[in-house]
Amino acid sequence: MESDILTQLYMIILDIETTGLSPTLNSMVSLGAVDYDTGDEFYGECYSWPTREISDFALGVNGFTREQVNDLTKQSPAQLYLDFLTWAKGRDPLLGGQQVGSFDILFLKEIHESSPFADMPKWPFGHRSVDIHSIAYAQLGKSLSLDGVLMAVGLSAEQKPHNALTGARLERDAFKRLLDAPGWKS
């Protein structure tokens, strides 16, 4: 009987937007996630930690303004992370996305480890992650940018600026097309 990897793969597709590239110098300002299997979605925004740097380049990528990321009426990054943990509870702990292991997870771990909440649970996600670039390289035989991957699987390039939820949605759609390709059938 033929088995399909799609019937066995469960993960959370994650995308975050930040004020820069460093988890210790910059701050998360939004988090989007899509359950790969069910399509359920999570999205939230937060203010930037007041002591963290804000890069104009990063704001150009994600479309936030300094006023938006400094808006203290929004929840804190730690509270947004806790809200995400509540949403993710009971789902598979595997995280996937664009550079998820070398970027998004590092920001989440920084928040997790420096959280002001005394009742922070232990790190709930696995040590492995699935990067869309690795899957695309295995399927397509070449290294591509995210827009290159999206276009190679018949999707439109990501809108600029974008937010974390639209990024997670596109990455889920691309994963599904890549993993549904004939080479992944077992």
Side-chain angles (χ1 to χ4, degrees), residues 11-36 39-89 91 93 95-125 129-133 145-147 149-150 155-174:
M11 67 178 146
I12 295 170
I13 306 300
L14 174 70
D15 191 29
I16 67 169
E17 300 305 327
T18 67
T19 62
L21 299 175
S22 170
T24 56
L25 299 176
N26 304 111
S27 179
M28 174 176 72
V29 292
S30 71
L31 188 155
V34 180
D35 184 303
Y36 180 85
D40 291 340
E41 298 179 346
F42 173 87
Y43 180 73
E45 295 180 6
C46 59
Y47 61 77
S48 172
W49 292 119
T51 59
R52 302 291 175 97
E53 297 174 7
I54 300 171
S55 159
D56 289 329
F57 177 79
L59 297 182
V61 170
N62 59 42
F64 283 98
T65 65
R66 285 183 179 273
E67 292 76 24
Q68 289 171 315
V69 301
N70 288 320
D71 181 357
L72 297 179
T73 64
K74 291 182 179 181
Q75 62 188 330
S76 71
Q79 185 59 56
L80 176 56
Y81 172 66
L82 283 177
D83 291 349
F84 171 63
L85 290 182
T86 299
W87 176 84
K89 188 173 183 156
R91 299 176 196 274
L95 298 175
Q98 176 194 7
Q99 300 174 340
V100 69
S102 61
F103 186 77
D104 304 79
I105 290 173
L106 298 179
F107 274 86
L108 293 185
K109 282 188 173 181
E110 167 65 20
I111 294 167
H112 185 88
E113 293 167 5
S114 62
S115 172
F117 299 113
D119 59 344
M120 180 63 73
K122 72 177 195 137
W123 177 252
F125 303 106
S129 60
V130 181
D131 186 90
I132 197 165
H133 298 291
S145 66
L146 179 59
D147 283 344
V149 171
L150 295 171
L155 297 169
S156 298
E158 190 172 26
Q159 227 178 346
K160 308 288 189 281
H162 66 273
N163 77 29
L165 183 56
T166 59
R169 286 175 181 156
L170 280 172
E171 292 162 24
R172 176 183 182 252
D173 292 348

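Residue indices begin at 1 and follow the sequence shown.
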Looking at every heavy atom in both Pro124 and Leu85, which two are closest together, and how far apart are they?
CG-CD2, 3.4 Å

Aromatic plane relationship, Trp87 with Phe42 - under 30° parallel, 30 to 60° tilted, over 60° perpendicular
tilted

With Ser22, which of Thr19, Thr18, Thr24 fulfils side chain to side chain contact (heavy atoms under 4.5 Å, CB included)?
Thr24

Rounded to the nearest 0.5 Å, how far apart are CG of Asp15 and CG of Leu95?
12.0 Å

By ring pair (Phe, Tyr, Trp, His ring centres under 6.0 Å), His133 pairs with (sequence neighbours left out) none

Using side-chain heavy atoms (C-beta onward) and a distance below 4.5 Å, is Leu150 in contact with Leu170?
yes

List the steps and the verdict of side chain to side chain contact (heavy atoms under 4.5 Å, CB included) for Asn163 and Tyr43.
CA-CA 9 Å; Asn163 77 29; Tyr43 180 73; 4.1 Å; yes

Quick one: which residue pairs count as a ring pair (Phe, Tyr, Trp, His ring centres under 6.0 Å) with a foot in residues 51-78, not counting sequence neighbours?
none

For Lys160, give me all partners under salt bridge (charged side-chain N to carboxylate O under 4.0 Å, His left out), at least two apart in sequence or on another chain.
Asp147

Suppose we screen for salt bridge (charged side-chain N to carboxylate O under 4.0 Å, His left out). Which residues come up paired with Glu110, at least two apart in sequence or across chains?
Arg52

Compare every heavy atom of Gly20 with every heavy atom of Ser55, then report the nearest pair and how far apart it is.
CB-CA, 4.3 Å

Mind checking whether Pro77 and Cys46 have side chains closer than 4.5 Å, heavy atoms only?
yes

State which residues pass salt bridge (charged side-chain N to carboxylate O under 4.0 Å, His left out) with Glu41; sequence neighbours excluded, sorted by chain then number.
Arg169

Quick one: are Leu59 and Val69 in side-chain contact, heavy atoms under 4.5 Å?
yes

Ala164 versus Gly32, closest heavy-atom pair with distance:
CB-N, 3.2 Å

Close side-chain approach of Phe125 to Ile105, heavy-atom, < 4.5 Å:
no

Are any of the side-chain heavy atoms of Leu165 and Val34 separated by less than 4.5 Å?
yes

The reported gap from CG in Asp131 to CZ in Phe103 (rounded to nearest 0.5 angstrom) is 13.0 Å

Apply side chain to side chain contact (heavy atoms under 4.5 Å, CB included) to His162 and Glu17, showing your working.
CA-CA 9 Å; His162 66 273; Glu17 300 305 327; 2.9 Å; yes

Looking only at heavy atoms, the pair that brings Ala174 and Ile132 closest together is CB-CD1, 3.4 Å

Determine whether Arg66 and Asp56 make a side-chain contact, defined as any pair of heavy atoms from C-beta on separated by less than 4.5 Å.
yes

What's the separation between atom OG in Ser30 and atom CG in Asn62, rounded to the nearest 0.5 Å?
6.5 Å

Shortest non-hydrogen contact from Gln98 toward Leu146
OE1-CD2, 3.0 Å

For Lys74 and Gly44, indicate whether the former's side chain and the latter's backbone hold a donor-acceptor pair under 3.5 Å.
no

Report yes if the distance between the aromatic ring centroids of Phe84 and Phe107 is under 6.0 Å, otherwise no.
no

CG of Leu25: more than 12 outside heavy atoms within 6.0 angstrom?
yes

Full working for side chain to side chain contact (heavy atoms under 4.5 Å, CB included) between Asp104 and Leu31:
CA-CA 9 Å; Asp104 304 79; Leu31 188 155; over 6 Å; no

Would you compute the distance between atom OH of Tyr81 and atom OG1 of Thr86 and round it to the nearest 0.5 angstrom?
10.5 Å

For the residue pair Leu106 and Pro23, establish whether any side-chain heavy-atom pair is separated by less than 4.5 Å.
yes

Begin with the C-alpha distance, continue with both residues' side-chain angles, and end with the deciding distance and a verdict on side chain to side chain donor-acceptor pair (under 3.5 Å) for Tyr47 and Glu45.
CA-CA 7 Å; Tyr47 61 77; Glu45 295 180 6; over 6 Å; no

Distance-minimising heavy-atom pair for Ile111 and Ala78
CG2-CA, 3.7 Å

Roughly how far, to the nearest 0.5 Å, is the CD atom of Gln99 from the CD atom of Glu171?
9.5 Å

Quick check for you: to the nearest 0.5 Å, what is the distance between Leu82 atom CG and Ser76 atom OG?
8.0 Å

Sequence-distant partners of Arg91, salt bridge (charged side-chain N to carboxylate O under 4.0 Å, His left out), two or more places apart:
Asp35, Asp40

